[in-house]
Every structure is written in C-alpha cells, then in structure tokens.
Amino acid sequence: MEHISKRPVYLNLFKIRLPIGGVVSILHRVTGVFLVLLLPPAIYLLQQSLQSAATFESTVRILGSLPGRALLLIVTWMFVQHLYSGIRHLLLDVDIGVERTTARRSAWLTLVVSVVTLLLIGLWMT
Amino acid sequence: MTIRFSIYRYNPENDRRPYMQSYELQNDCGAVMLLDALLLIKQQDDSLSFRRSCREGVCGSDAVNINGRNGLACITPLKDLKQPVEVRPLPGRPVIRDLVVDLSQFYAQYRAVKPWLINNDPVPEIERLQSPAERDSLDGLYECILCACCSTSCPSFWWNPDRFLGPAALLQAWRFLADSRDQATGERLDDLEDPYRLFRCHTIMNCVEVCPKELNPTRAISQIKEMLVRRSL
Amino acid sequence: MNIPRRRFDCLVIGAGGAGLRTALQLAQGEAHVAVVSKVFPTRSHTVAAQGGINAALGNVLPDDWHWHMYDTVKGSDYLGDQDAIEYMCRAAARVIIELEHYGVPFTRLDSGRIYQRPFGGQSQNFGGDQAARTCPAADRTGHAMLHTLYQQNLRAKTYFFDEFFAIDLLMDDQGYAVGALVLELETGEPLVIEARTILLATGGNGRMYRTTSNALINTGDGMAMALRAGIPLQDMEFYQIHPTGIAGLGALISEGVRGEGGYLINGEGERFMERYAPHAKDLASRDVVSRSIVTEVREGRGCGPKKDYVLLKLDHLGTDIIKKRLPGIRELAMRFAHVDPVERPIPVYPTAHYVMGGIPTDRFGRVVVPVAHGPEEAVPGLYAVGECACVSVHGANRLGGNSLLDLVVFGRAAGNHMLGYLEENRYHRLVPEKAIDKAMTHLTRWDRKGDGESVDDVRETLRKTMEDYCGVFRTQEVLDEGIKRVVELDQRLQHATLRDHSKIFNTARIEALELENLMDVSMATVVSAAARKESRGAHSRLDYPKRDDKNWLKHTLFFQDGNVLDYKPVRMKPLTVDPFPPKERVY
Amino acid sequence: MRPRPTGSAHSGLGEWLLQRVTAVYMGVFVLYFVLRFAIAPIDVYAAWKVWFASVAVRIGFALFFASALLHSWVGMRSVFMDYVKPMWLRFVVQLVTATVLLILALWVAQILLGNT
C-alpha cells in the first residue's frame with residue numbers, strides 16, 4: 001500500500017485554466033473575505049461620525065483626503081464586484097442564465113459593470 | 001514540420017516525482033484527434049499509460065487535462081490546440097501512473113446518490129407509462145458518460161472530494177429526482193440536505209465549461225435546490 | 001509462486017450488457033457474484049450501441065413475435081438455430097419491459113408507451129410490409145441500457161473487479177470450469193478467482209479489422225480464452241460489416257438513421273438501393289446493403305475526390321426529428337465528418353462491426369462442445385453470452401436491434417441456469433496448480449527482455465491483413481493467402497518483446513496480451529472462411545456466389561489445436577412452432 | 001475511499017437560504033442608502049444626527065449589520081470548510097471568527113442604541 005499513499009496529485013493552479021466564471025467566483029470569495037475584514041473599520045467610522053461634530057468632521061476629512069478616497073474607491077470596487085457577482089450567483093441559483101454562453105457573458109458583465117460603476121462613483125466623488 | 005507535445009509522466013516504480021516529457025510527431029502522421037496522437041506516441045514509447053476505449057466520445061475513458069482544460073482526448077481536434085500540447089492527468093485525483101488517475105472517490109460519490117430507479121409500486125405487466133414531455137425532462141441528464149471531466153475541474157470537489165458529491169453525481173441525483181417513474185424523492189432530498197453534499201456547489205460552473213457532452217450540472221443542481229426550497233416552505 | 005485467491009459463487013468476465021444482465025440475475029438470486037472487467041463497466045462497448053433493441057411490442061405498427069422470428073431466421077440466411085431464435089423472440093417483450101422497469105429512458109409515444117422505429121430486415125406478416133420493432137432511447141440505446149444495468153447491479157450489490165484483465169480460464173481435470181487467472185491493472189499483480197460457475201461475456205473482436213466501429217478494447221479476449229481452454233469457436237467466418245460507418249474512420253452511424261427515413265445515394269445522386277433491394281430498399285439486411293455499397297464504389301459510382309464512399313442523406317427528415325431522435329449521430333457526424341446532417345449528407349462506407357460467431361452455447365448460455373461419442377455436451381460450470389457467444393440466433397447475418405436483445409435475453413437465461421447449477425454443485429472444486437502454472441506461463445511470457453518484434457507492428461499488420469484477405473468479398477485464393485499471412489504473423493508474435501516491463505498500470509503489457517487474443521481469433525476467422533465454399537449472409541464468396549444448403553447448411557467449429565475444423569448441424573426445429581425451411585433470401 | 005458519512009445535518013438548506021436572504025436585504029439597503037445620499041447629500045453633523053435619530057433608519061441599519069454579520073459568518077465558514085483541513089484548526093478559526101463577529105454585533109448594538 002506504500003505506493004498508494006505516496007501518489008502525487010496534479011493540482012497546479014497555475015497550469016489549470018480557470019474559465020471566466022471561475023475567475024469571477026474566486027473574486028467573489030476574495031472580495032468577500034476582505035469585506036469581512038473591513039467590517040470593524042466601517043463600524044468604527046460610523047461610531048465616529050455619530051459621536052460628535054468634531055469626530056464627524058474628522059471622519060469626513062479622512063474619507064475626503066486623497067488616500068482616503070483611494071481607499072474608498074478600492075473598497076467600493078470590492079463591494080460592487082462582490083455585489084454584482086453575488087447577484088449573478090443568485091440568478092444562477094434560480095436557474096437564470098445557466099447556459100454555458102450566457103454564464104460566460106454574465107461573468108464578463110460583472111467585471112465590466114463593476115469597473116463602470118467605479119468610474120461613475122469616481123467622477124461623482126471629484 | 002512537427003507537432004510538439006509535453007506529457008505528464010509518473011511511474012511509481014521508477015520516478016520519485018512526476019515530470020513533463022516532450023514528444024514530437026510528424027505533421028503528416030495522420031492524427032486528427034488528440035487520442036490518435038497519444039496512440040502514436042505510445043508506439044514510440046510503450047511506457048506511456050493512459051485509458052481509452054471507444055475513441056468516439058461515448059465511453060468516457062480518456063478524460064485528461066489538455067492545455068489546462070479537462071476534456072476527452074478522442075474528440076479534441078489536434079489542430080485547435082496550442083503547441084506544445086500539454087497533457088496532464090485529471091486534476092485533484094491521485095495519479096496511479098502517467099495520465100491514469102484513481103477515480104474510486106469519484107465513483108463512490110456516484111454510488112452515494114443511489115443512482116437507480118426506485119419505484120415501490122407493484123410491477124405492471126407493461127412498461128410504466130411516461131409522456132413524451134416527462135421523458136424529455138431526462139434529456140441532458142441521462143447522457144452523462146461518467147468521464148469525471150466536470151467533477152475534477154470543480155474547486156469545491158478539489159477541496160472536499162470526500163464530502164461534496166461533485167457535479168457528476170449531483171447531475172445523476174437530479175436525473176432520478178426528475179424521472180416521473182421514481183418515487184424516492186423525499187429520501188433523495190433528505191440525503192442531499194447537509195452542508196457538504198449539495199451545498200458546497202457555489203455555481204462556479206467550471207463543470208459546464210468542460211462537459212464534453214455539453215450537459216449542465218449547474219442547472220441540475222439549481223433544480224435540486226429549488227426542489228428543496230419548495231419542500232421546506 | 002503464491003498467488004492470492006478470492007472465492008465467489010459466480011464469476012462473470014466482462015461488464016458489458018451481457019455480463020451485467022447476467023450478474024444482475026445472479027445477484028437478485030442471492031448468489032455471491034463477482035464481475036471482472038478490464039475497463040470500468042460503463043466504458044464497455046455496449047455503451048456505443050445506438051439504434052435500439054427489438055421486440056414485437058406492436059406499439060407503432062401491428063407486430064407479432066412470430067414475424068420477428070421469421071425475420072431473424074431469414075436474416076440469418078437460415079443458419080440460425082431456430083429453437084434459440086424462437087426463445088429470443090418470444091422473450092423479447094418481457095425483457096424489454098423489464099429494462100424499462102429498471103429505468104432505461106426509452107423514447108416515448110404520446111400514449112406513454114415505448115416508441116418503436118423501423119429497422120433493417122423487419123417485416124409484418126412473414127415478409128410483408130416494413131415493421132417497426134426497434135425500441136430506442138433516442139440514438140443512445142446502448143448507453144442508456146449499460147448505465148441502467150450497471151446501476152441495478154450497484155443496487156443489488158454485485159462485487160466488481162474494475163480494471164482487472166482476465167488472462168485465462170482455469171479448468172480442472174474433469175473438464176469443469178473452476179476459476180480464472182486475472183491481472184489487476186493498478187498493481188500489475190495476478191489474482192486467482194475461484195468460482196463454481198463462470199460466464200464469459202467479453203464481447204467482440206472488431207479490432208482484428210483496420211476499419212471498425214468497435215472500441216479499442218474489442219479484442220476477442222473471451223473467445224481466445226475459450227480456444228486456449230480447448231473449446232472450439234463456431235461460425236467465425238461470419239463477420240458483419242455494417243453498411244454505414246463514417247468514411248475513413250469506421251465510427252458507426254446507426255441503422256436508425258435509415259429507419260427514420262434516411263437513405264443512401266451514390267456519386268451520381270442515385271438512390272442505388274432501389275436497384276439491389278426493390279422492396280426493402282435501404283432497410284434491406286446489413287450484408288445486402290454493405291455489399292451494394294462496396295459494389296457501387298468498385299464500379300466507380302462512389303462520392304468524393306477519390307470516389308471511395310457513398311452518402312447517407314437525412315436532411316429531408318427535418319431538424320426536429322434529427323435533434324430529437326438522432327442527437328448522438330448528429331454529434332458524431334459534426335465531430336468526425338465535419339458535416340451537420342441537418343444540412344448535408346454524411347459520407348459513409350462499410351465498417352467491421354459484429355461477429356455472428358463465437359463460443360458455441362445453447363439457449364441456456366451453457367458452453368457446448370462436441371464429445372467423442374454422441375452429440376454436443378455442456379462444459380460444466382462454463383457459460384457464455386453476448387457477442388463472444390454463438391447461440392446461434394444471428395446465424396450468417398445479424399439483424400440490427402437483435403444484438404442488444406441477445407444480451408439481455410440470454411444474459412437473463414444464463415443467470416437463471418447458473419443459479420440452478422449452483423444448487424446442484426454446492427461446493428467449490430479444487431483449482432489444479434498446473435492450470436494456474438500454465439496460465440502464469442502465458443502471462444510471464446511477456447517478461448522476456450531483449451530485442452524482438454514490436455507488438456504494434458504485428459498488430460497493425462494483422463489488422464491490414466484481415467481487411468485485405470478476409471473482407472467483404474472473398475475468394476479461395478485471397479483467403480488462402482490470408483491464412484499464410486496470419487500464420488506468419490503468429491510466428492512473428494512469438495518473437496515479440498516489450499520494452500516496458502513495469503507492473504503498475506502497464507497498458508503495453510495488456511495490449512500485448514490482447515494482440516495474442518486477436519491473433520487466435522483472426523486465425524479462427526480466416527481458416528473457417530477459407531473452408532466454407534458457398535455464399536451465405538456476411539460470408540460472400542465471389543468464387544461460390546450461391547448459397548449451398550445441400551452441403552453447407554451447418555455450423556463451423558474451429559479448434560485451435562492444429563487449426564482443425566469440424567461441423568455440426570443447424571437446429572432447424574423450433575421449440576413450439578413450425579420450422580421455417582430455407583428459401584431464397586430477397587429483400 | 002468512500003464518501004464521508006456526514007449524517008443528515010439538515011443545516012445545508014438553512015444556511016444557504018440565510019446567505020441569500022441577507023444578501024438581498026443588504027443589496028436593497030445599500031441601494032436605498034446610495035440613492036438617498038445621491039439625491040440629498042448630508043454633509044453637516046446636525047443633519048446626519050437628525051437623520052440617524054429616526055427609528056426607521058436605525059432599524060434599517062440594525063438589520064443591515066445583522067445581515068452583514070450573518071452573511072460573514074456563513075461565508076467565512078464556507079471558506080474555512082474548503083481550505084482549513086485539520087479539524088482542530090478549523091474549530092479554532094471558527095471559534096475566533098464567531099467571537100469577533102459577536103463582539104462586532106455588540107458594538108453595533110451599542111452604537112445604534114446609544115447616541116439618541
């Protein structure tokens with residue numbers, strides 16, 4: 001039985017081609033984990049904004065600063081990507097768009113639309 | 001001009017670890033499909049092992065990972081492949097030798113869905129009647145050839161092959177749930193309702209991407225979920 | 001040498017339709033049954049069967065099992081044993097209903113009953129109008145059946161030895177079959193499986209031809225095992241060449257295409273079957289259609305740049321029918337012939353398809369051999385079913401849709417008989433060491449090292465030889481040359497060696513063992529063919545163009561020891577009905 | 001090799017539904033929030049405070065955070081089920097995650113209940 005336990009497994013994720021649906025799915029997961037990690041700072045900001053006029057001002061100032069805005073944009077992208085791919089998964093769950101070609105298209109669509117959303121928000125912020 | 005190949009090799013009797021070996025075939029060797037090429041390569045080097053049987057895409061023996069994508073060698077045209085053509089075993093399963101993987105876990109998951117018709121009515125003397133529409137609902141389900149392309153391209157199956165049934169087995173679970181003659185719906189749904197067996201599917205849809213018979217396990221899984229939801233309401 | 005042993009009541013070798021149907025019957029009968037298969041069961045070649053399975057259900061057109069019997073006897077060119085044919089046609093409806101109950105997803109009619117399509121050689125009223133007798137699951141009937149039978153075996157908890165290659169039968173001194181030596185592919189280690197009763201269900205040998213519809217695994221293993229165990233092979237000269245394989249490749253295009261209304265045209269656009277079979281046209285028996293195609297091409301009326309094929313036209317059936325009833329055919333044509341049959345006809349040419357002959361059995365699946373005194377006798381404990389067996393229900397030419405039927409009818413019958421045999425033979429018999437040693441010598445012969453002939457060369461030459469010297473049209477001269485060449489190749493094979501001597505999943509070793517089997521069976525075929533001086537069914541002799549019932553209405557038996565032939569009478573007497581005496585066969 | 005007998009935990013469907021229901025609520029809430037601020041931005045503390053004083057808004061936020069935390073829990077558990085193989089380690093990370101999420105929940109409760 002020795003040779004059985006030593007059997008190699010081919011699972012080189014750099015060699016296995018991930019279809020676009022898989023890319024969107026893993027992005028959904030990664031952004032999800034990041035968004036969870038962002039929960040404490042978000043709650044902290046909410047608390048600060050409500051505490052007093054001074055803390056509110058500083059919160060707005062932090063968010064309005066250049067690094068603040070950049071960070072906000074990244075977070076926004078994560079959020080909308082997670083949101084759109086989430087909507088896509090919801091639709092797939094109820095049997096909408098599960099054909100191979102439509103699923104590919106909708107995967108691309110989430111990527112495109114989240115970038116477009118990001119641009120719109122970016123424009124609105126400036 | 002030659003066609004270049006790079007093939008995953010591992011013989012447990014000689015090799016510590018797997019390696020990629022290069023082969024070449026002449027352009028005019030007559031190989032149309034990848035399987036033809038593999039058979040010619042085996043004539044050069046008889047130590048190369050792979051499974052094959054029908055050579056026309058109905059038996060499901062020769063599923064391998066071709067340029068990073070799972071597929072049947074016998075219906076993959078060579079001319080569509082980027083060179084060197086990289087051929088590796090199906091991902092995520094223990095390699096017995098070269099392109100031959102151990103699929104016992106895959107088959108065990110298939111058996112786990114009780115893939116047989118259950119009907120406890122007294123046996124009639126004629127066929128159990130089924131309307132053409134009821135029969136149509138089995139199309140796209142019963143054609144599965146158990147090649148394992150789908151399940152071995154599914155990340156959820158990579159991470160939990162012992163607990164997640166995988167797309168192939170779930171497609172068969174739905175094939176019997178969808179059969180108007182089957183009466184074990186409740187029992188089958190009970191067996192699926194745990195955090196792993198069915199719900200590890202995250203609609204990644206790699207299965208649909210690679211299925212050589214163009215079946216749609218994701219749709220089958222959605223339909224099982226829908227049935228579960230409906231039952232719980 | 002200490003070889004591990006396993007012990008079961010029954011051993012089934014081969015996991016195609018026949019093996020699985022028998023195993024199911026045995027498992028349901030509470031026998032402890034093991035199935036040995038060199039591939040995972042659903043990879044067996046039954047999976048590729050397309051058109052359907054025959055039974056006189058009468059769901060579409062009026063039908064009667066007597067008519068089915070008549071057609072089968074006529075189709076066999078009167079070489080089929082009429083008792084077995086009656087048994088099969090009578091049992092057909094019942095076994096198909098059983099298959100449906102097991103879950104086979106048959107195509108349905110609006111009434112909810114099983115749809116039936118016309119197939120070649122089928123008639124109503126003993127040679128009248130075309131009948132519709134073939135029950136399909138779209139055009140994936142074999143796939144649907146094989147998977148269903150495998151599933152039912154899982155349910156019945158049949159024990160499977162997947163990817164074990166059977167080397168040889170083990171017989172004891174009294175002539176009982178007592179086990180088999182098998183080789184586990186995964187480890188490369190031998191194993192002795194002892195059983196009280198053994199079934200051979202290893203399928204056909206289409207790989208002895210270069211152009212064939214058969215899978216790479218169809219190498220006549222069981223037939224060769226029988227030969228080596230001293231059992232003769234029956235009627236091996238009758239090899240069916242199917243009319244419609246994809247030109248240049250051989251992959252099958254089902255007769256169901258013509259059953260649904262498709263037809264053949266030659267290079268001049270003519271529907272040529274009207275000339276050869278004015279009544280049945282494209283649905284004449286397979287041997288007739290194959291010869292017609294070859295004749296068209298030989299006489300310069302082929303299609304394509306080399307005029308070496310004909311066309312199978314079905315676009316007039318309409319997209320719906322094609323997509324609904326022939327989806328697999330469409331897939332095959334698009335993949336391998338780059339033609340969408342919805343728009344353009346498929347280039348086709350005859351392809352080696354099915355061996356009517358095989359291991360001689362009776363209608364209980366028992367292997368029967370002639371004994372010194374009196375008629376034939378059963379080999380105790382040994383059974384054979386399916387393409388590797390010769391019951392004989394197909395005689396000199398098999399009708400489409402009868403092979404799947406053969407598997408389930410006789411699989412079931414053999415299973416039942418084996419259960420009875422178990423009752424009477426309660427204990428395992430001792431497996432003689434010398435039988436094991438002999439089988440091991442056969443296996444270890446491939447451990448020989450050094451330079452020798454290449455297995456691939458010998459195999460490819462053999463396949464070409466069989467195609468050129470034992471094909472559709474035969475003459476004495478050609479067949480005699482064929483024998484000479486096969487004998488030479490057999491000699492070359494003795495000197496072949498492998499380069500790879502590893503154990504684990506060594507497929508080169510398996511291919512070498514398969515080639516030995518193919519060689520044995522090819523020899524049986526060409527020797528039997530050279531001796532039969534008449535034309536009957538698939539055996540078509542240019543030098544003896546007529547059927548000769550006076551001298552040749554008899555079964556050939558080929559014995560490996562000295563390549564000798566013997567003959568036995570055709571059983572012309574059915575079980576209950578009147579016999580069908582030989583008539584001229586026209587379609 | 002055989003499938004691991006996990007028994008019928010019957011929790012698969014519940015979690016799966018929970019994940020989707022919370023997702024839908026969060027989506028709707030965020031949409032409302034964004035629209036509300038796009039139409040009439042609030043940029044002074046007093047206005048923000050007034051808006052936030054509304055019970056409806058607070059309930060909205062409460063449900064949003066409840067959803068977010070539950071959604072996080074199901075999502076993170078799913079991630080651990082895939083990548084964390086040793087059972088003890090998975091137990092530890094799940095325990096830590098649950099604790100952190102609970103603390104966050106209390107923190108949010110404190111914010112939403114206070115500051116009136």
Side-chain angles (χ1 to χ4, degrees), chain B residues 11-14 32-33 39 42-43 45-61 75 77 96-98 100 102-104 107 110-111 114-119 123-132 134-135 138-139 141-146 175-176 179 181-182 213, chain C residues 39-40 42-45 47-48 57 96-97 100-103 105-115 137-138 140 142-144 147-148 151-152 154-155 162-163 185-186 215-217 249 251-252 324 327-328 331-332 335-336 454-457 498-500 502-508 511:
Chain B
N11 180 347
E13 289 164 77
N14 310 324
V32 179
M33 300 293 179
L39 291 168
K42 190 168 172 62
Q43 292 191 6
D45 175 358
D46 69 356
S47 72
L48 175 67
S49 282
F50 51 91
R51 294 186 175 107
R52 80 287 179 282
S53 174
C54 75
R55 60 88 175 87
E56 58 187 44
V58 296
C59 80
S61 299
I75 53 171
I96 297 172
R97 172 173 176 170
D98 301 338
V100 179
D102 178 1
L103 286 173
S104 44
Y107 297 134
Y110 171 67
R111 290 196 297 272
K114 297 202 179 91
W116 50 76
L117 191 77
I118 299 176
N119 185 314
V123 179
E125 71 279 29
I126 60 161
E127 58 269 44
R128 294 186 197 281
L129 301 182
Q130 190 171 46
S131 72
E134 286 168 336
R135 168 59 184 77
L138 305 181
D139 282 341
L141 306 174
Y142 81 95
E143 299 95 319
C144 170
I145 57 174
L146 296 177
R175 179 247 173 275
F176 288 97
D179 195 319
R181 299 167 295 173
D182 190 88
K213 306 308 282 184
Chain C
V39 291
F40 181 76
T42 63
R43 325 272 182 233
S44 308
H45 193 52
V47 83
L57 299 178
I96 284 168
I97 296 302
E100 193 281 332
H101 294 160
Y102 290 150
F106 284 111
T107 304
R108 300 291 175 147
L109 293 162
D110 286 336
S111 63
R113 303 202 63 175
I114 298 171
Y115 165 71
R140 303 188 174 99
H143 171 281
H147 279 251
T148 303
Q151 292 162 352
Q152 287 296 322
L154 290 180
R155 177 189 212 177
D162 294 335
E163 297 185 331
L185 265 71
E186 190 178 319
L216 290 149
I217 57 171
L249 176 77
L252 188 69
K324 190 113 218 139
E331 198 182 312
L332 275 177
R335 273 207 177 110
F336 289 101
S454 128
V455 170
D456 296 306
D457 279 354
L498 293 174
R499 279 161 285 173
D500 176 20
S502 60
K503 283 187 152 179
I504 294 172
F505 230 102
N506 182 342
T507 48
E511 286 179 12

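The structure presented is a predicted model; accordingly, all values stated were derived computationally and were not measured. Chain letters run A, B, ... following the sequence lines, proteins first and then strands; every chain starts at 1.
Heavy atoms of Glu143(B) lying under 4.5 Å from chain C belong to its backbone as well as its side chain. Using a 4.5 Å cut-off between heavy atoms, Leu109(C) touches chain B through its backbone atoms (N, CA, C, O) alone. Interface residue Phe505(C): backbone and side-chain heavy atoms are both found under 4.5 Å from chain B. Contacts of Leu185(C) with chain B are absent, with no heavy-atom separation under 4.5 Å from either backbone or side chain. Contact of Ser44(C) with chain B is not made at all, since no heavy-atom distance falls under 4.5 Å. Of the atoms belonging to Leu39(B), it is side-chain heavy atoms, and not backbone ones, that fall under 4.5 Å from chain C. Interface residue Phe50(B): only backbone heavy atoms are found under 4.5 Å from chain C. Residue Pro77(B): no heavy atom, backbone or side chain, is found under 4.5 Å from chain C. Only the side chain of Leu138(B) has a heavy atom closer than 4.5 Å to any heavy atom of chain C. Within the 4.5 angstrom heavy-atom criterion, only side-chain atoms of Leu332(C), from C-beta onward, approach chain B. At a 4.5 Å heavy-atom cutoff, the contact between Asn11(B) and chain C is made by side-chain atoms alone. Arg135(B) touches chain C through its side chain: at least one heavy atom from C-beta onward sits under 4.5 Å away, while N, CA, C and O do not.
Looking at Arg140(C), its side chain never comes within 3.5 Å of a backbone N or O of Val58(B) through a donor-acceptor pair. In terms of modelled atom types and a separation under 3.5 Å, the side chain of Ser61(B) and the main chain of Arg43(C) share no donor-acceptor contact. Checking side-chain atoms of His143(C) against main-chain N and O of Cys144(B) turns up a donor-acceptor pair under 3.5 Å.
Among the candidates Lys503(C), His45(C), Gln152(C), the residue making the largest number of heavy-atom pairs closer than 4.5 Å to chain B is Lys503(C). For the set Asn14(B), Asp139(B), Ile96(B), Asn119(B), the count of heavy-atom pairs under 4.5 angstrom toward chain C peaks at Ile96(B).
Under the 4.0 Å criterion applied to side-chain N and carboxylate O atoms, Arg51(B) and Glu163(C) are assigned as salt-bridge partners. One finds a salt bridge joining Asp500(C) and Arg97(B) here, because a Lys/Arg side-chain nitrogen approaches an Asp/Glu carboxylate oxygen to under 4.0 Å. Under the 4.0 Å criterion applied to side-chain N and carboxylate O atoms, Arg113(C) and Glu127(B) are assigned as salt-bridge partners. With respect to the salt-bridge test (charged N to carboxylate O, under 4.0 angstrom), the residues Arg52(B) and Glu511(C) qualify.
Distance check: Lys114(B) NZ to Gln151(C) CD gives 14.0 Å after rounding to the nearest 0.5 Å. Here the CZ atom belonging to Arg108(C) is positioned 7.0 Å from the CG atom belonging to Leu129(B), to the nearest 0.5 angstrom. In this structure, Arg128(B) CZ and Ile97(C) CD1 are separated by 11.0 Å, a value rounded to the nearest 0.5 Å.
Annotation for Asp46(B) and Arg499(C): closest pair OD2-N, 3.2 Å, computed over non-hydrogen atoms. Contact detail for Ala215(C) and Cys54(B): the closest heavy-atom pair is CB-CA, 3.6 Å. Residues Arg335(C) and Met33(B) come closest through the heavy atom pair O-CE, 3.6 Å. Summarising the geometry of Ala251(C) relative to Glu56(B), their closest heavy-atom pair is CB-OE1, 3.4 Å, with the distance given to 0.1 Å. Across all non-hydrogen atoms, the minimal contact from Leu117(B) to Gly103(C) is CD2-CA, 3.8 Å. Counting all heavy atoms, side chain and backbone alike, Ile504(C) lies closest to Glu13(B) at N-OE2, 2.7 Å.
You'll find the side chain of Glu331(C) stays beyond 4.5 Å of the side chain of Ile75(B), heavy atoms only. Side-chain contact between Leu103(B) and Phe40(C) is absent, with no heavy-atom pair separated by less than 4.5 Å. Using a 4.5 Å heavy-atom threshold, the side chains of Ile145(B) and Thr42(C) count as separate. Here the side chains of His101(C) and Pro124(B) are in contact, with some heavy-atom distance below 4.5 Å.
Under a cut-off of 6.0 angstrom, the local environment of CG in Asp110(C) is sparse, with at most 12 non-hydrogen atoms contributed by other residues, nucleotides or ligands.
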